[in-house]
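Both ligands and their constituent atoms are indexed starting at 1 by order of listing. Counting from 1, the numbers follow the sequence of the chain as shown. In this text the structure is predicted, and so the values were computed from the model without any measurement.
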Amino acid sequence: MTDLTAALVQRGFAAPTRFEADLDDCEVAGSLPSDLNGAFYRVGGDWYYPPLFPDDAPLNADGFISSFRFNKGKVDFHQRWVHTHRFEQQKAARRQLYGYYRNPYTDDPSVRDLQHPNTRTVSNTAPLIHAGKLFTLKEDGLPYQIDPNTLATRGTWDFHGKWKSQTFSAHPKIDPLTGEMVAYGYEATGMASDDLFIYTLDKAGSVRREVRVKVPYVSIIHDMAITHRHVIIPFGGYVTSRERLLAGKVHWGWDASKPSYIGVIPRDGEARDMRWFKGPERCMMHVFNAHTEGNKVILYAPFYDSNFFPFFPPTDGSPWNPAKARAFIRKITLDLDSSDDGWHEEILWPMQVGDLGKVDPRVVSLQSRYLYTSYNDPQRPYDRDRCGPNAPARMTNSYGRFDLVTGKVESFFAGPTHNLQELSFVPRGRGEEGDGYLVGVANNYAEMRSELVVVDAQRPADGEVARVILPFRLNSQVHGVWASAGELPLV
Ligand code: V55
Ligand code: FE
């Protein structure tokens, strides 16, 4: 490793782990609920070889998938790289061949493919379960299909040739009432193109509708929401262009002068029905949920005030401003009867939160009561001495259940040496919203190994019902999802 890459690649908990693993009958503290039958899948990035450029985005690291399979009070753990085209190319060459995040002009000439730039995806962002299949996703390429038991990579999936966008976003939404999936690809016709293709797939995974629209400007469109009537597409701030890519830069820069946008289109609408609402500077990455009330669309989302990612720098040369990289839970109301193109926004809780939030999957598209996300609670103890010099200044030490009806926040505290990754919701019972578990990985800095916490979602303040203790450190998750037995052919 060169000095430059040594400086970039983080040490401590975030250092690359670089291994695949199979571990049966994991150690469990507490008692695993006997009704837990399914698997928790998590996806993230881990550098197999260090990046070519020391200032590259960590979002460019090689995709991996890991799983915790729960059945009959036992837990088995598996972890594999996503064996993407790119992963296999660099493994064969035994070195890093790929350049900056989403910029093929910076790739080694032996793999540079400007005709098919989306074959360089690392598939490192989110797992998706739909129509009995498991996929890994990244918004710059097609999904990779993954064997749900072995985690072996089966190859890319184009929905029987009916998915025409070159890209597939990391956050499709599944309608719990119909099993339909709404998904999109942006930069759909090539790098920096202003084409957005929006698709509806039926519960069997076949493409039923395609709508092609133009975006107001080319930006990260990372997440979306659906209601029983509408599709909602938020974005803002990040910019790219062919010139930027030709200049050899990382795909995105931040342009604070750009407005944010929220597109709203009826689920059964045509391109001409897309309405773009316009707002102030905002970094809009993830959403919680949305619903339609009469002619109003209500969106709950933990948007940031401004650029969250230091490695996508401001285009005007100014330094990244951490003070504005703060997320709050926002309620955004889009009035379809209004004649102007603005929206109404309210910050519902004054506290800063992590922006990787969830709702019970049974209420996606519907009016929901509970929002769940992890956050730092500064009132909780932090044992810095036991965490060592590589620990962050503030730990993500809590999960919150934010109640939209009472305004109350119920929280789970992971411990004074623990840093929580994204949580996922595990539904239980007959369908009452909020009945279930919260599961997620906690990084134990005192012992430099990872744990999976299982928390009763109705009683988070009671502490976890069980912890799965791994004898090693896991790499960083981006997103995870729970699959109940029956959603996938699990053995
Ligand atoms: C995000 C993550 C990505 C990416 C673009 O969290 C946006 C947002 C892990 O990769 O490529
Ligand atoms: Fe995401």
Is it the case that the side chain of [X] and the backbone of [Y] share a donor-acceptor pair, with hydrogens and angles ignored and the cut-off at 3.5 Å?
X: R473; Y: A15; value: yes
X: D403; Y: Y370; value: no
X: T373; Y: L356; value: yes

Protein heavy atom at shortest distance from [atom]:
atom: atom 10 (O) of ligand 1; result: K138 NZ, 2.9 Å
atom: atom 1 (C) of ligand 1; result: H222 CE1, 3.3 Å
atom: atom 6 (O) of ligand 1; result: H286 CE1, 3.5 Å

Worksheet entry | R154, CZ atom: more than 12 neighbouring heavy atoms under 6.0 Å |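 Above 12, so yes.
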
Discussion item. List ligand 1 atoms under 4.0 Å from M285, heavy atoms only on the residue side.
Written reply: 7 (C), 8 (C)

Worksheet item: Going by the atom numbers of ligand 1, which of them fall below 4.0 Å from some non-hydrogen atom of Y101?
Response: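 Matching atoms, with element in brackets: 4 (C), 5 (C), 11 (O).
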
Worksheet item: Between R102 and ligand 1, which residue portion shows a heavy-atom distance shorter than 4.0 Å: side chain, backbone, both, or neither?
Response: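 Neither part.
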
Practice prompt. Report the part of F309 in contact with ligand 1, treating N, CA, C, O as backbone and CB onward as side chain, heavy atoms under 4.0 Å; options are side chain, backbone, both, neither.
Written response: side chain

Worksheet item: Less than 3.5 Å between some nitrogen or oxygen of T125 and one of ligand 1, yes or no?
Response: yes

Discussion item. E139 versus ligand 1: do any nitrogen or oxygen atoms come within less than 3.5 Å of each other?
Written reply: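 No.
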
Item to complete: May I ask you to decide if the ring planes of F159 and F168 are parallel, tilted or perpendicular, using 30° and 60° as cut-offs?
Response: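 The arrangement is parallel - the two ring planes meet at less than 30°.
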
Worksheet item: Parallel under 30°, tilted from 30 to 60°, perpendicular over 60°: which one fits the rings of Y48 and F87?
Response: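 The rings of Y48 and F87 stand perpendicular, inter-plane angle above 60°.
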
Worksheet item: Can a donor-acceptor pair be found between the side chains of K249 and Y100 at a distance below 3.5 Å?
Response: no

Worksheet item: What angle, in degrees and rounded to 10°, do you get at the Fe ion (ligand 2) when you join it to NE2 of H222 and to NE2 of H479?
Response: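 Value, to the nearest 10 degrees: 160°.
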
Item to complete: Using side chain to side chain donor-acceptor pair (under 3.5 Å) as the criterion, point out the one residue from Q421, H286, K358 that pairs with H479.
Response: H286

Fill in: Shortest-distance N/O/S atom, H171 versus the Fe ion (ligand 2)
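The Fe ion (ligand 2) is closest to the H171 atom NE2, counting only N, O or S.
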
